[in-house]
2 protein chains.
Amino acid sequence: MEQYNAYSQLLERTARRVKQYAQYQFNCQQFGITVDQWTILKNLNQYADLAQKELAEYCEKDQPTLTRIVDLLVGKQLVERRPHPNDRRSFVVHLTPTGKAKVETLSGQVGTIRMQAWKNLNEADFEHLKRILDTIYDNLDVRKEETGRVPATEWLADKIE
Amino acid sequence: MEQYNAYSQLLERTARRVKQYAQYQFNCQQFGITVDQWTILKNLNQYADLAQKELAEYCEKDQPTLTRIVDLLVGKQLVERRPHPNDRRSFVVHLTPTGKAKVETLSGQVGTIRMQAWKNLNEADFEHLKRILDTIYDNLDVRKEETGRVPATEWLADKIE
DNA sequence: TCCATATATTTGTCATACTAATTATTATTG
DNA sequence: CAATAATAATTAGTATGACAAATATATGGA
């Protein structure tokens, strides 16, 4: 039982390396954005014009973090904030033409970068990983049993398109 | 092939939740330290009096990050910097009696917190997870084929004690 | 020995995660 | 309808991660 103490570091270091590798490739290939900024752009392109709160949920960022990433993307003129039609507290984040072009240009390259992790692994491995990580994720829900929460499994299905 | 784009988010969010859950428990139980600070203390207790560079390697932190975490732990009087016997560039980080007591008090509780992730999973799952994450880790080594690098698998064996 | 290079630590900067608090607006309820 | 509670976004503060540069010291070779 003692050994299970190590999984957290195992997870953390793998996640860190995945991000680090992607960012390294982003830099080498001069994408001009961070990996997290890419996540925002990609989700915006997929779902189009989301309020920041919704965007934060899709991207799995908290709201303060999302605010700052959007600030940076606005600075790079890749997105813009538009008033929300029904709620004056809220903004809708919109991909500029430049932003949309960037998503379309980079999509393939990001896909290639992401594939690199999967060398020497197969479909069954992915299924294992998915099941195990989803189980861990659900095991550690701090706010147990909230209404309307999306179980980990469904969330992933949504991400895969 | 498209789906492999999701594994990075899957990994990241799981790692984040694991840390978030642990930190939440640390806070509830008033441990008075962060999860990363715990990592330092635990490794110090296990290996005793390491130079910062070595400590950083064991804890999988980079050196600037380690310097800052050690600063915080020194502030909490849980560790102290001692001159390195053979190298005046270097410090040895030493657990104070308070620090050692803290490690011993918290070890069991941290173990309990960590185990929570493992509900509904078994030994075989752990082996799968370990193999898959180690493979990914090795797939994404930016500095290919350096001399003396420890393969992921051995690293884990070491962590398990 | 002297010099060039390597190493251990620190500092600085930017990006992100988390928490708490603030502001503006909306929704609810008495 | 008015007071209150809830919500969207922001701001601020702390901790961490990645990377570059600076400093002090060590090491190896001429």
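Chain naming here is simple, since letters A, B, ... match the order of the sequence lines and numbering starts at 1 in each. Values in this document were obtained by computation on a predicted structure and should not be read as measured data.
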Participant: Applying salt bridge (charged side-chain N to carboxylate O under 4.0 Å, His left out) as the test, list every pair that has at least one member in residues 81-92 of chain B; sequence neighbours left out.
Facilitator: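 Counting only pairs at least two positions apart or across chains, the salt bridge (charged side-chain N to carboxylate O under 4.0 Å, His left out) contacts touching residues 81-92 of chain B are B:Asp71-B:Arg81, B:Glu80-B:Arg82, B:Asp87-B:Arg89.
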Participant: Where along residues 31-41 of chain A does a heavy atom come under 4.0 Å from DNA chain C, residue by residue in number order?
Facilitator: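 The answer is A:Thr34, A:Asp36, A:Gln37.
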Participant: Would you call A:Val35 and A:Val110 a side-chain contact if the rule is heavy atoms closer than 4.5 Å?
Facilitator: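 No, side chains not in contact.
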Participant: Each nucleotide N or O in nucleotides 18-22 of chain D that has a protein N or O under 3.5 Å away: list the pair and distance.
Facilitator:
from   : atom 1 : to      : atom 2 : distance (Å)
D:dA18 : N6     : B:Arg68 : NH1    : 3.4
D:dC19 : OP2    : A:Gln20 : NE2    : 3.4

Participant: Which residues within residues 73-88 of chain A lie with some heavy atom under 4.0 Å of an atom in DNA chain C?
Facilitator: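 By residue number: A:Asp87, A:Arg88.
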Participant: Quick one: list whatever passes salt bridge (charged side-chain N to carboxylate O under 4.0 Å, His left out) with A:Lys100, sequence neighbours left out.
Facilitator: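 A:Lys100 satisfies salt bridge (charged side-chain N to carboxylate O under 4.0 Å, His left out) with no other residue.
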Participant: Taking atom C1' of C:dT16 as reference, at what distance in whole Å does atom CD of A:Gln63 sit?
Facilitator: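 From A:Gln63 CD to C:dT16 C1': 16 Å.
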Participant: side-chain contact (heavy atoms from CB on, under 4.5 Å) with B:Gln63: which residues, sequence neighbours excluded?
Facilitator: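 B:Lys53, B:Ala56.
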Participant: Can you name the nearest heavy-atom pair linking A:Val92 to A:Asp49, along with the distance?
Facilitator: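 Looks like CG1-CB, 3.7 Å.
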Participant: Can you name the side chain to side chain donor-acceptor pair (under 3.5 Å) partners of B:Gln29, sequence neighbours left out?
Facilitator: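 With neighbours one apart ignored, the set is B:Gln25.
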Participant: What is the distance, rounded to the nearest whole Å, between atom NZ of B:Lys19 and atom C1' of C:dT19?
Facilitator: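 One finds 15 Å between C1' of C:dT19 and NZ of B:Lys19, rounded.
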Participant: Does anything in residues 69-124 of chain A form a ring-ring contact (aromatic ring centres under 6.0 Å, His included)? List the pairs, not counting sequence neighbours.
Facilitator: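 ring-ring contact (aromatic ring centres under 6.0 Å, His included) check on residues 69-124 of chain A returns A:Trp118-A:Phe126, A:Trp118-B:Tyr4, A:Trp118-B:Tyr7.
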Participant: Are A:Asp138 and B:Lys119 close enough, and set up right, to give a salt bridge (Lys or Arg N to Asp or Glu O under 4.0 Å), and what steps lead you there?
Facilitator: CA-CA 10 Å; A:Asp138 287 333; B:Lys119 278 193 318 188; over 6 Å; no
Participant: Within the pair A:Thr67 and D:dA9, is there a side-chain N or O less than 4.0 Å away from OP1 or OP2?
Facilitator: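 No, A:Thr67 has no side-chain N/O under 4.0 Å of OP1/OP2 on D:dA9.
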Participant: Can you measure B:Phe26 atom CZ to D:dT16 atom P for me and round it to whole angstrom units?
Facilitator: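 Computing the B:Phe26:CZ to D:dT16:P distance gives 12 Å.
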Participant: For the pair made of CG in A:Asp71 and P in D:dT10, what is the distance, rounded to whole Å?
Facilitator: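 A:Asp71 atom CG is separated from D:dT10 atom P by 7 Å.
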Participant: Figure out the CG/P separation between A:Leu72 and D:dT11, and round it to whole Å.
Facilitator: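 Going from A:Leu72 (CG) to D:dT11 (P), I get 13 Å.
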Participant: Could you work out, with salt bridge (charged side-chain N to carboxylate O under 4.0 Å, His left out) as the rule, every residue matching A:Lys19, not counting sequence neighbours?
Facilitator: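 Only A:Asp36, B:Glu12 meet the salt bridge (charged side-chain N to carboxylate O under 4.0 Å, His left out) criterion with A:Lys19.
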Participant: Check every atom of D:dA26, D:dT16, D:dT10 against the side chain of B:Arg89 and return the nucleotide holding the closest atom.
Facilitator: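 Out of D:dA26, D:dT16, D:dT10, the nucleotide with an atom closest to B:Arg89's side chain is D:dA26.
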Participant: Once you round it to whole Å, what is the distance between P of C:dA15 and CG of A:Leu66?
Facilitator: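 Distance, rounded to whole Å: 15 Å.
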Participant: Think B:Gln52 has a side-chain N or O under 4.0 angstrom from the OP1 or OP2 of C:dT10?
Facilitator: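 So the side-chain polar atoms of B:Gln52 do come within 4.0 Å of the phosphate oxygens OP1 or OP2 of C:dT10, strictly under.
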Participant: Which nucleotide wins on minimum distance to the side chain of A:Glu12, given the candidates D:dA9, C:dT16, D:dG17?
Facilitator: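 Nearest nucleotide to the side chain: D:dG17.
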Participant: If you check the B:Ser90 side chain, which of D:dA8, D:dG17, C:dA8 turns out closest?
Facilitator: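 Minimum distance to the B:Ser90 side chain belongs to C:dA8.
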Participant: Residues in salt bridge (charged side-chain N to carboxylate O under 4.0 Å, His left out) with B:Glu104, at least two apart?
Facilitator: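 If we apply the salt bridge (charged side-chain N to carboxylate O under 4.0 Å, His left out) test to B:Glu104, skipping adjacent residues, there are no hits.
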Participant: Between the main-chain N or O of B:Thr34 and the side-chain N or O of B:Gln37, is there a donor-acceptor pair closer than 3.5 Å?
Facilitator: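 Yes, the answer is positive, given that a donor and an acceptor are paired below the 3.5 Å cut-off.
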Participant: If an axis is fit to five pairs at each end of the helix from C:dT1-D:dA30 to C:dG30-D:dC1, what is the angle between the two, to the nearest 10°?
Facilitator: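 For the helix from C:dT1-D:dA30 to C:dG30-D:dC1, the axes at opposite ends meet at about 10°.
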Participant: Taking only the side-chain heavy atoms of B:Lys53 (C-beta and beyond), determine which of C:dT9, D:dA9, D:dT16 contains the nearest atom.
Facilitator: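 My answer, after comparing the listed nucleotides, is C:dT9.
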Participant: I'd like to check the side-chain contact (heavy atoms from CB on, under 4.5 Å) partners of A:Thr98; sequence neighbours left out, ordered by chain and number.
Facilitator: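 Counting only residues at least two positions away or on another chain, A:Thr98 forms a side-chain contact (heavy atoms from CB on, under 4.5 Å) with A:Leu78, A:Thr96.
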Participant: Can you measure B:Arg13 atom CZ to C:dT16 atom C1' for me and round it to whole angstrom units?
Facilitator: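 Interatomic distance, CZ of B:Arg13 to C1' of C:dT16: 19 Å.
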Participant: If hydrophobic clusters are built by linking Ile, Leu, Val, Met, Phe, Trp and Tyr wherever their side-chain heavy atoms come under 4.5 Å apart, do A:Leu55 and A:Leu72 end up in the same one?
Facilitator: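 Each belongs to a different hydrophobic cluster.
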Participant: How about CD on B:Gln109, more than 12 heavy atoms from neighbouring residues, nucleotides or ligands closer than 6.0 Å, or not?
Facilitator: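 Yes.
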